Amino acid sequence: MAIKVLMPALSPTMEEGTVAKWLVKEGDKVSSGDILAEIETDKATMEFEAVDEGTLGRILVAEGTEGVAVNTPIAILLEEGESADDAQMDDAGDAEPQAASATPKAKEEQPTQAPDTPERSPAAPRTPAPSAEPDYPEGTETRSMTVREALRDAMAEEMRRDETVFLMGEEVAEYQGAYKVSQGLLDEFKEKRVIDTPITEHGFAGIGVGAAFGGLRPIVEFMTFNFALQAIDHIINSAAKTLYMSGGQMGCPIVFRGANGAAARVGAQHSHDFAAWYSSVPGLKVVMPYTAADAKGLLKTAIRDPNPVVFLENEILYGRSFDVPVLDDYTVPFGKARIARPGNDVTIVSFGIGMQYALEAAEKLAEEGIDAEVIDLRTLRPLDMDTVLNSVRKTNRCITVEEGFPVCSIGSYLSSRIMTEAFDHLDAPVLNCTGKDVPMPYAANLEKLALVTTQEVVDVAKQVTYR
Amino acid sequence: MPPKKTAKTSNLSKDELLHFYREMLLIRRFEEKAGQLYGMGQIGGFCHLYIGQEAVVVGLEAVTKEGDKRLTSYRDHGHMLACGMDAKGVMAELTGREGGYSRGKGGSMHMFSKERHFYGGHGIVGAQVPIGAGLALSDKYRGNDNVTFTYFGDGAANQGQVYETYNMAQLWSLPVVFVIENNQYAMGTSVQRSTKSPSLWERGAAYGIAGEAVDGMDVLAVKAAGEKAVAHCRAGKGPYILEMMTYRYRGHSMSDPAKYRTRDEVQKMRDERDAIDHVRELLLQGKHASEDDLKAIDKDIKAVVNEAAEFAKESPEPDLSELYTDIYADQAPQNA
């Protein structure tokens with residue numbers, strides 16, 4: 001029976017890609033291991049190998065086609081004795097999907113691993129558009145851009161503006177970023193200011209802190225914040241505390257940034273959300289943006305900030321697009337939450353990728369006549385309690401949403417602050433939607449269960465509105 | 001520990017020898033006073049004295065120029081005095097007073113001086129090593145020829161981040177002198193009980209870093225080695241390692257009874273290898289100074305230290321409002 005060749009998933013978070021180039025043509029004999037095509041993801045161009053033997057019957061997706069969803073059939077492979085006509089018939093019928101196999105052209109750093117099987121869950125739902133209250137004047141021209149591009153532009157703009165700003169980390173220069181966030185920076189700023197480090201988080205975090213003491217403004221990229229655990233002594237003991245210990249003499253203007261929290265199917269050691277950990281440390285500022293506009297505006301603010309800033313990004317959000325204002329110098333101040341959706345019945349407070357669930361839930365709640373107000377904290381330290389409290393005084397109910405663990409979470413801290421400062425305004429207890437109290441499992445169904453879901457947010461919102 | 005060198009006539013000028021004598025004596029008398037104040041309850045917490053190791057910082061400071069940086073571990077009083085920080089400010093920090101270098105908020109282990117390019121005072125063993133390389137990176141970035149002296153002990157020499165730093169410092173040719181102050185004991189664990197490595201400086205060879213062991217009880221040998229190391233760094237040849245063979249006379253900290261070594265061992269070192277006695281002999285034998293001259297210096301130093309102690313006792317405790325200052329450079333609103 002003819003075999004369908006499916007668009008492979010070539011990274012844990014890939015949802016679609018471009019068929020960049022076919023290396024075989026219709027009628028060619030194919031053996032397993034032959035390279036069929038080059039597939040471009042948002043991170044890299046990968047070679048795509050055949051798993052089965054046969055003759056390439058038909059190419060279903062022409063080269064150059066962008067936005068091909070994972071698992072879309074892209075070609076038909078014929079077994080002996082079959083003709084292209086069979087293939088056409090099978091195309092509409094029940095051809096067996098060929099398991100995808102690919103080898104990266106250049107070595108991809110983890111957590112990008114071998115592709116998942118084609119059975120993996122379909123593309124994630126589209127990002128709900130945050131409404132209301134932009135941080136820039138109405139009528140400002142905007143451009144759709146990914147979070148990844150926004151972060152890159154923020155760094156490039158600040159590096160043009162200030163000679164002392166430089167970027168260091170694993171694969172930031174020649175590789176163009178493990179997640180392609182630093183794409184193009186080496187070309188523009190050269191190796192003096194875009195520095196590839198060996199895999200040595202503890203050491204290079206300390207070197208970054210020393211450079212900051214020496215008057216430079218380093219941006220230290222951790223491939224993911226999971227690896228920053230190796231460096232956390234320098235983030236906390238060396239960077240966060242020195243200003244205080246020096247009686248105000250020795251500041252540490254540094255940004256520690258990188259992917260934080262769960263990606264997709266990368267297991268317990270690569271899926272930890274550290275928002276609450278870093279937020280508990282005086283001397284640090286902690287940022288966790290959701291939109292591309294916030295990613296850009298907040299990263300520029302972080303680079304200019306005279307204090308150590310922990311800037312928590314998210315791998316899944318890197319490829320998401322949002323409107324970003326076209327302005328020469330767009331910055332977002334720290335400590336100012338954004339009301340992403342105004343409402344009257346219940347306040348949903350979230351940040352980072354949690355906003356996705358919060359906004360989706362708000363839409364579903366609206367269908368049931370519950371008008372939720374959604375607040376994106378954006379910075380966790382400093383924390384904009386005023387915006388949260390004002391909202392709670394209006395809605396009299398509050399739930400929080402985050403992907404991190406439930407114990408000593410951002411949500412539990414918010415709950416205590418709201419209880420302390422707005423007790424008389426509450427008509428229901430503040431409830432927290434969080435990741436589950438387990439190390440992240442690998443199995444797809446268990447991982448889904450471990451993460452917070454939109455439905456959970458909806459259910460909890462109904463609980464506090466007594467519906 | 002190499003055998004005691006005979007106090008042969010030195011090529012050093014009289015002025016330089018006198019300077020070494022004064023500087024080393026200042027550190028010793030200061031530390032003795034700090035020990036005394038600790039015993040009286042004026043100084044709290046941890047207090048790590050530098051007595052015995054004075055030749056290391058004094059010899060190396062002699063090869064520095066304006067702009068050079070230095071940082072060390074928590075055994076930092078000697079380094080601060082040697083680089084020209086004020087004894088009053090250091091002592092007042094030990095007593096936790098407003099007049100201290102960190103306005104009382106750092107303590108013995110955490111002091112800094114931008115003016116004197118002293119970058120701490122670090123309480124986590126080994127953490128100052130990558131920070132030192134980072135300071136060196138900042139100078140290389142700016143294209144000047146400043147050098148960073150990164151001091152750490154034989155204990156820190158077993159920390160992984162030291163080797164992460166060696167690797168990058170050599171890879172990027174950073175102008176940093178790694179000074180291992182091998183005082184033989186990491187708290188209570190002797191070097192022999194913590195490693196089978198025959199020497200600590202030779203570990204740099206794995207990364208291609210040049211270095212040498214130096215008699216750290218001989219300030220002249222320290223200075224000579226320092227000149228070589230600094231020339232290497234200023235010439236853009238990357239880092240250099242100096243393993244200073246030295247000895248701490250006191251316990252690891254004030255609360256250490258030092259049961260891990262014999263009283264005889266310590267006494268022998270004091271009698272035969274003392275760095276200050278060595279220079280004293282050079283001065284007397286070379287007829288650079290008389291007993292009376294040296295007595296006069298002793299008296300001056302004593303006055304400086306007493307003045308520092310008085311200042312440290314008189315200086316008020318920090319204002320209670322200081323609790324919430326210096327957390328953020330721009331004093332952002334607090335979370336809690």
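Proteins come first, then strands; the chains are lettered A, B, ... in the order of their sequence lines, and each starts at number 1. Nothing here was measured: the structure is a model prediction, and the numbers come from that model.
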- Classify the ring geometry between A:F166 and B:Y141 as parallel (under 30°), tilted (30 to 60°) or perpendicular (over 60°). tilted

- Query: Relative to chain A, which of B:A133, B:A127, B:G160 shows the most heavy atom pairs under 4.5 Å?
  - Reply: B:A127

- Message: Please check this pair: side chain of B:S138 against backbone of A:G215, looking for a donor-acceptor N/O pair closer than 3.5 Å.
- Response: no

- Message: Does atom CD (B:E310) have a neighbourhood of more than 12 heavy atoms from anything else shown, all under 6.0 Å?
- Response: yes

- Is the shortest distance from a Lys or Arg side-chain nitrogen in A:K241 or B:D326 to a carboxylate oxygen in the other one below 4.0 Å? no

- Please flag which part of A:V286 lies under 4.5 Å from any non-hydrogen atom of chain B: side chain, backbone, both or neither. neither

- Given a strict heavy-atom distance threshold of 4.5 Å, which part of B:F118 is in contact with chain A: side chain, backbone, both, or neither? backbone

- Contact winner vs chain A - B:T165, B:T148, B:I124, heavy-atom pairs under 4.5 Å: B:I124

- Message: Can you tell me which portion of B:L171 sits under 4.5 Å from chain A's heavy atoms? Options are side chain, backbone, both or neither.
- Response: side chain

- Message: side-chain contact (heavy atoms from CB on, under 4.5 Å), that's the test. Do B:Y328 and A:D305 meet it? Break it down for me.
- Response: CA-CA 10 Å; B:Y328 293 98; A:D305 198 281; 5.8 Å; no

- Note on the structure: Cut-off 4.5 Å, heavy atoms of chain B, and the answer for A:D384 is neither

- Checking B:E93 against chain A: side chain, backbone, both or neither under 4.5 Å from a heavy atom? neither

- Query: Quick one: does B:Q161's side chain have a donor or acceptor within less than 3.5 Å of a partner on A:A231's backbone?
  - Reply: no

- Item | Verdict with supporting geometry, A:L216 and B:L137, side-chain contact (heavy atoms from CB on, under 4.5 Å) | CA-CA 9 Å; A:L216 302 182; B:L137 185 145; 4.1 Å; yes

- Query: Quick one: does A:M245's side chain get under 4.5 Å of B:K105's, heavy atoms only?
  - Reply: no

- Query: Which pair of heavy atoms, one from A:G210 and one from B:L135, lies closest together, and at what distance?
  - Reply: O-CD2, 3.3 Å

- Could you tell me whether B:Y163 atom OH has more than 12 heavy atoms of other residues or ligands within 6.0 Å of it? yes

- Query: With no hydrogens and no angle check, is any side-chain donor or acceptor of A:Q249 less than 3.5 Å from a backbone partner on B:S102?
  - Reply: no

- Side chains of B:P130 and A:H202 in contact at under 4.5 Å (non-hydrogen atoms): no

- State, yes or no, whether a side-chain contact exists between B:H122 and A:N237 at a heavy-atom distance under 4.5 Å. no

- Query: Hey, does B:E164 have a side-chain heavy atom less than 4.5 Å from the side chain of A:E201?
  - Reply: no

- Tell me, do B:T325 and A:Y244 make a side-chain contact under 4.5 Å, heavy atoms counted? no

- With a 4.5 angstrom heavy-atom cut-off, which part of A:F204 approaches chain B: side chain, backbone, both or neither? both

- Below 4.5 Å, heavy atoms only, C-beta onward: do B:L71 and A:F213 meet side chain to side chain? no

- Message: I want to check something: taking the side chain as every heavy atom from C-beta on, are B:N167 and A:T200 in contact at a cut-off of under 4.5 Å?
- Response: no

- Could you tell me which portion of A:L284 (side chain, backbone, both or neither) has an atom closer than 4.5 angstrom to a non-hydrogen atom of chain B? backbone

- Message: Quick check for you: to the nearest 0.5 Å, what is the distance between B:M168 atom CE and A:I207 atom CD1?
- Response: 4.0 Å

- Message: Please check if the number of heavy atoms outside B:K237 that lie under 6.0 Å from its NZ is greater than 12.
- Response: no

- chain B interface, residue from A:G208, A:P308, A:P198, A:P218 that has the most non-hydrogen pairs under 4.5 Å: A:P198

- Item | Close side-chain approach of B:D330 to A:N307, heavy-atom, < 4.5 Å | yes

- Query: Based on non-hydrogen pairs under 4.5 Å, which of B:M111, B:R142, B:R103, B:E322 is most in contact with chain A?
  - Reply: B:R142

- What residue, out of A:S246, A:G335, A:P306, A:G248, has the most heavy-atom pairs lying under 4.5 Å from chain B? A:S246

